[in-house]
A.B. asks: 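Sending over a structure as structure tokens; questions will come in a sec.
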Amino acid sequence: MRLFSALLLLLALFSPSASAQERGPLVLAAASMQEALSAAADAWEKQGHPRPVLSFAASSALARQVAAGAPADLFVSADQEWMDDLARRRLLVPGTRANLAGNRLVVVARAGRAPVTSLSGPALGRLLASGPLAMADPDAVPAGRYGKAALQRLGAWSMVARRVVRAESVRGALALVERGATPYGIVYLTDARLVPNLSVAGIFPPHSHAPIIYPIARLKSARHSEAEMFRKFLISGRGQQIIGRFGFTKP
């Protein structure tokens, strides 16, 4: 139902009544990029361009929308796998795929919770399994897949798997911890920085999971004349400077 509703929304944006002169290109982007891409869109608009239309959700949901025929101009994924999926379907414009940003994976907790940085795998598993653990869906959403891979590598996944509360996106997992529904959550470092009453309890070692890279590409469904221009702006020095302000690393 959510996918169907999202498709209707996207189709409405591209209906004849929606003037191409009034809106910028439609960008489907991973939920964790919301603040950074919004700031980039603001900067683009200040240069005299129509402001891009930004739609944020889990990369898995957005990729499925594109595969189902939803019209859009650009796609920003939180991992390479969902972009690879669209490439296999031949839905990307050749030569437009580029790495936009990087990130780190962390355990986030409400203030006063024990840190996890110095814990061994079994000790980490016991602590995280002491209550529900918020994660984006580890079977589909990039943040969840990175988190599952890290816990498996550290020998803690078997202890926490049954305690995982699956969220539709990394922002959903962050919200669960913020509301106190779970004591810990696994999110990106950029997400953890957004909530004042939460702290980073530990940062996963880079070797415990695949590098977190956000690829961007223009879609073959792209129709807006400024789609490629905005893509190039995002990967330019100015675009990278804006994105970096929000804690993202260079890819």
A.B. asks: Keeping Asp73 on the side-chain end and Ala227 on the backbone end, is there a donor-acceptor pair under 3.5 Å?
C.D. replies: no
A.B. asks: Going by heavy atoms in the side chains, are Phe246 and Thr190 under 4.5 Å from each other?
C.D. replies: no
A.B. asks: Can you name the nearest heavy-atom pair linking Asp137 to Arg166, along with the distance?
C.D. replies: OD1-NH1, 2.9 Å
A.B. asks: With a 4.0 Å cut-off on N to O distance, would you call Asp191 and Arg171 a salt bridge?
C.D. replies: yes
A.B. asks: Could you tell me which non-hydrogen atom of Ala156 sits nearest to which non-hydrogen atom of Gly121, and how far apart they are?
C.D. replies: CB-O, 3.5 Å
A.B. asks: So Asn103 and Leu189, side chain to side chain contact (heavy atoms under 4.5 Å, CB included) or not? Walk me through it.
C.D. replies: CA-CA 7 Å; Asn103 214 333; Leu189 179 59; 4.1 Å; yes
A.B. asks: For the residue pair Met33 and Leu100, establish whether any side-chain heavy-atom pair is separated by less than 4.5 Å.
C.D. replies: yes
A.B. asks: Looking at CZ of Arg218 and CE of Met229, how far apart are the two atoms once the value is rounded to the nearest 0.5 Å?
C.D. replies: 12.0 Å
A.B. asks: Of the non-hydrogen atoms in Ala30 and Tyr214, which two are nearest, and what is the gap between them?
C.D. replies: CB-CE2, 4.2 Å
A.B. asks: Less than 4.0 Å between a side-chain N and a carboxylate O, is that true for Arg145 and Glu81?
C.D. replies: yes
A.B. asks: Go through Gln80 and Arg97 one step at a time and tell me if the side-chain hydrogen bond (donor to acceptor under 3.5 Å, both in side chains) criterion holds.
C.D. replies: CA-CA 10 Å; Gln80 301 282 13; Arg97 179 171 176 172; 2.7 Å; yes
A.B. asks: Side-chain contact test, heavy atoms from C-beta onward, threshold under 4.5 Å: evaluate it for Phe56 versus Leu37 and give yes or no.
C.D. replies: yes
A.B. asks: Let me see the working for Leu74 and Arg231 under side chain to side chain contact (heavy atoms under 4.5 Å, CB included), right down to the final yes or no.
C.D. replies: CA-CA 7 Å; Leu74 300 174; Arg231 185 192 73 87; 3.9 Å; yes
A.B. asks: List the steps and the verdict of side chain to side chain contact (heavy atoms under 4.5 Å, CB included) for Ser38 and Leu54.
C.D. replies: CA-CA 7 Å; Ser38 294; Leu54 308 176; 3.9 Å; yes
A.B. asks: Picking from Thr96, Leu86, Val93, what satisfies side-chain contact (heavy atoms from CB on, under 4.5 Å) with Leu219?
C.D. replies: Leu86
A.B. asks: Output yes when a side-chain donor or acceptor of Arg23 lies under 3.5 Å from a complementary backbone atom of Val53, and no otherwise.
C.D. replies: no
A.B. asks: Heavy-atom distance under 4.5 Å between the side chains of Leu133 and Ile186, does that happen here?
C.D. replies: yes
A.B. asks: Pro132 versus Arg163: any side-chain heavy-atom pair under 4.5 Å?
C.D. replies: yes
A.B. asks: Please give me the minimum heavy-atom distance between Ile243 and Ala101, naming the atom from each residue.
C.D. replies: CG2-CB, 4.1 Å
A.B. asks: List the atom pairs, with distances to 0.1 Å, where a side-chain N or O of residues 123-130 and a protein N or O form a donor-acceptor pair under 3.5 Å, not counting sequence neighbours.
C.D. replies:
{"from": "Ser130", "atom 1": "OG", "to": "Leu127", "atom 2": "O", "distance (Å)": "2.5"}

A.B. asks: Do Met83 and Phe75 touch side chain to side chain, with heavy atoms closer than 4.5 Å?
C.D. replies: yes
A.B. asks: Before you tell me yes or no, could you show the steps for Val106 and Tyr188 under side chain to side chain contact (heavy atoms under 4.5 Å, CB included), namely the whole-Å CA-CA distance, both residues' side-chain angles and the distance that decides it to 0.1 Å?
C.D. replies: CA-CA 6 Å; Val106 305; Tyr188 298 124; over 6 Å; no
A.B. asks: So, are Asp85 and Arg64 salt-bridged, with charged N and O less than 4.0 Å apart?
C.D. replies: no
A.B. asks: With heavy-atom distances below 4.5 Å as the criterion, would you say the side chains of Leu28 and Val76 are in contact?
C.D. replies: no
A.B. asks: For Trp82, what residues pass the ring pair (Phe, Tyr, Trp, His ring centres under 6.0 Å) criterion, not counting sequence neighbours?
C.D. replies: none
A.B. asks: Of all the heavy-atom pairs spanning Pro205 and Leu154, show the shortest one and how long it is.
C.D. replies: CD-CD1, 4.5 Å
A.B. asks: Among pairs that include at least one residue of residues 127-180, which meet ring pair (Phe, Tyr, Trp, His ring centres under 6.0 Å), considering only residues two or more places apart or in two chains?
C.D. replies: Tyr146-His209
A.B. asks: Considering non-hydrogen atoms only, spot the tightest contact between Ile212 and Ala78 and give its length.
C.D. replies: CG2-O, 4.3 Å
A.B. asks: Hey, are the side chains of Phe230 and Ile216 touching, using non-hydrogen atoms and a 4.5 Å cut-off?
C.D. replies: no
A.B. asks: Ignoring hydrogens and angles, tell me if any N or O in the side chain of Gln240 forms a donor-acceptor pair with the backbone of Leu234 under 3.5 Å.
C.D. replies: yes
